[in-house]
Amino acid sequence: MVTMEKIISLAKRRGFIFPSSDIYGGFAAIYDYGPYGVELENNIKKFWWKNLVRQRQDIVGLDSAIFMHPKIWEASGHVAGFSDPLIECKNCHTRSRVDHLLEGIGIETDEKMSEKEINEIFSKNKDKLKCPNCGEKDFTDARKFNLLVKSNLGNFTDNWDKEPVYLRGETCQGIYVNYKNVLDSTRVKIPFGIAQIGKAFRNEITARQFLFRTREFEQMEMQYFVHPDKEMEEYEKLRKDRWQYYLDLGLRKENLKWNKHKNLVFYAKAAYDIDYNFPFGFDELEGVHARGNYDLSQHTKFSGKDLSYLDPKTNKKYIPHIIESSVGVGRTVFAVLTEAYTEEKIDKEMRIVMKFPKKLAPVQVAVFPLLRNKPELVKKTKEVYKQLKSEFVCEFDDNGNIGKRYRRQDEIGTLMCLTVDFESLKGDDLTVRDRDTMKQERVKINKLTDYLKEKINV
Ligand code: GAP
């Protein structure tokens with residue numbers, strides 16, 4: 001069975017995900033992507049970009065900056081309302097989100113609730129809640145804690161904390177404030193979308209869920225601008241597309257489900273999450289939201305710029321409504337690691353193999369000499385490696401014995417392992433082992449590239 005411990009351990013052991021600042025004891029809720037992690041996340045980002053930008057005429061890309069005018073975060077409502085309710089354990093000083101602890105005992109709260117309202121519910125249920133770290137029941141009162149991360153960028157006064165520039169809390173604000181630039185500089189017409197992948201930062205209170213909730217993370221967001229009358233029709237289309245995207249990505253249907261938001265923010269028309277069955281249970285992977293005209297209306301009000309759209313057919317002006325798809329790269333990596341993790345019993349031994357879909361596998365081909373201390377085998381293996389490395393993500397591996405190499409490559413999820421042996425020197429062929437079936441085939445080296453292209457086919 002896949003557990004958090006198994007995923008975290010494999011991710012570190014095999015060079016996917018490292019805790020940040022590891023040699024300094026780590027840095028809470030921040031992670032680094034190792035050599036295989038970065039290949040995996042790049043493949044995920046490439047797949048998302050292809051699905052939403054390359055394959056659609058009506059969606060264009062963007063890469064906006066992390067730092068933006070501070071007024072943007074006032075207009076968006078983040079300065080006033082982007083907060084989570086925090087309590088602190090008086091015994092061990094662990095901070096927790098009281099809404100999550102209440103959810104754990106079946107009590108739903110609402111993010112619009114005031115500090116006073118949260119505290120009323122909290123005090124009624126205090127004796128049922130335990131600190132997740134030490135188990136004590138002695139907490140401070142709840143207070144709302146703003147999640148925006150401040151910087152002192154461009155502010156050379158001692159007053160910087162009072163007029164902060166924020167690190168963006170979500171990437172989509174960069175899309176909203178560039179909507180007019182895109183409209184004026186390209187040939188898009190409503191309905192159209194803008195997609196971007198980029199870093200976001202949040203001062204998350206809890207730091208216990210691996211890649212699920214981190215303080216620095218990447219988002220893949222697509223904002224689709226529509227006529228007000230078409231909002232719900234386009235929303236349903238987007239929901240369908242996003243569901244299919246996850247099936248195409250390789251997540252199993254039984255590990256996905258829709259979660260309809262019970263409490264909508266005042267401007268929203270509809271909001272659903274796509275939840276994934278993480279090792280700790282089903283939770284949000286992506287949000288699909290119908291946001292009305294809130295975003296462009298707010299930026300019109302705060303910037304003083306007219307962000308309405310002049311319909312070329314009717315000659316009428318309106319503020320476009322927005323539907324969005326928003327997902328974290330880290331959460332997707334976590335879901336893909338969970339989905340791929342497989343334990344198999346082979347001849348009474350346990351094999352751990354990461355069964356990544358071909359398009360996501362961080363390494364496609366590994367080449368080994370049967371014995372590392374035979375120069376003629378190593379020479380031939382290096383020739384094969386040279387032949388393949390420009391066509392495939394390819395690795396030369398001569399560490400340990402062949403069994404250990406298979407074990408390592410299985411845990412990385414390498415699709416094909418190629419072994420050069422003494423026969424290869426005579427017959428100019430080698431053994432190809434398939435990751436999933438473990439079947440071995442002899443293939444001529446001069447046919448190898450075509451053979452692998454057909455097998456890998458991405
Ligand atoms: N623009 C809408 C927005 O940002 P959100 O529900 O706050 O909505 C969207 O975030 C997605 O971003 C989430 O579904 C999740 O995949 C990812 N995400 C949000 N906060 C995250 C965090 N602290 N760590 C990792 N991913 C996060």
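Every number for a ligand or one of its atoms is a count from 1 in the order of the listing. Values below: every heavy atom of this structure, side chains too, minus hydrogens, waters and symmetry copies.
Ring centroids of Tyr166 and Phe201 are separated by 6.0 Å or more, keeping the two rings apart. Between Tyr235 and Tyr224, the ring centre distance reaches or exceeds 6.0 Å.
Under the 4.0 Å criterion applied to side-chain N and carboxylate O atoms, Glu204 and Arg215 are not assigned as salt-bridge partners. In this structure, Asp84 does not pair ionically with Arg202, as no charged nitrogen and carboxylate oxygen lie closer than 4.0 Å.
In terms of N/O distances under 3.5 Å, ligand 1 is approached by Glu324. Checked by distance only, ligand 1 and Phe217 stay at 3.5 Å or farther apart across all their nitrogen or oxygen atoms. Looking at ligand 1, you won't find any N or O of Leu211 less than 3.5 Å from one of its N or O atoms.
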| Would Phe334 and Tyr276 count as a ring pair (Phe, Tyr, Trp, His ring centres under 6.0 Å) if you check the C-alpha gap in whole Å, the side-chain angles of each, and the deciding distance to 0.1 Å? | CA-CA 10 Å; Phe334 190 9; Tyr276 177 74; 8.3 Å; no
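Among all non-hydrogen protein atoms, the one lying nearest atom 24 (N) of ligand 1 is Thr214 N, 2.9 Å. Nearest to atom 20 (N) of ligand 1 among the protein's heavy atoms is Arg202 NH1, 3.3 Å. Protein heavy atom nearest atom 25 (C) of ligand 1, with residue, atom name and distance: Phe212 O, 3.2 Å. In terms of protein heavy atoms, atom 3 (C) of ligand 1 is closest to Glu170 OE1, 3.5 Å. Among protein heavy atoms, atom 14 (O) of ligand 1 sits closest to Glu284 OE2, 2.6 Å. For atom 12 (O) of ligand 1, the nearest non-hydrogen atom of the protein is Gln219 NE2, 3.2 Å.
Heavy-atom proximity to atom 15 (C) of ligand 1, evaluated over Glu204, Glu286, Arg291, Arg331, is greatest for Arg331.
A perpendicular orientation is assigned to the rings of Phe280 and Phe212, their planes being inclined by more than 60° (bins at 30° and 60°). Using cut-offs of 30° and 60° on the angle between ring planes, the pair Trp243 and Trp258 is parallel.
Distance OG/Ser76 to OH/Tyr176: 9.5 Å, rounded to 0.5 Å.
Counting heavy atoms from C-beta on, the side chains of Asp141 and Asn119 come closer than 4.5 Å. Under the 4.5 Å side-chain criterion, counting only non-hydrogen atoms from C-beta, Val60 is in contact with Val182.
When each of Lys180, Gln173, Lys305 is tested with His299 by the rule side chain to side chain donor-acceptor pair (under 3.5 Å), just one qualifies, namely Gln173.
For ligand 1 and Leu285, the ligand atoms under 4.0 Å from any heavy atom of the residue are 14 (O), 15 (C), 16 (O). Each of the following atoms of ligand 1 lies closer than 4.0 Å to a heavy atom of Glu221: 1 (N), 2 (C), 3 (C), 4 (O). Near Cys172, the atoms of ligand 1 lying under 4.0 angstrom from a non-hydrogen atom of the residue are 1 (N). Listed by number with element, the atoms of ligand 1 under 4.0 Å from a non-hydrogen atom of Gly328 are 12 (O), 15 (C), 16 (O), 17 (C).
Residue contacts with ligand 1, taken as heavy atom pairs separated by less than 4.0 Å, involve Ser326 via backbone and side-chain atoms alike. Within the 4.0 Å heavy-atom criterion, neither part of Thr332 lies near ligand 1.
No heavy atom of Gly330 sits closer than 4.0 Å to any atom of ligand 1.
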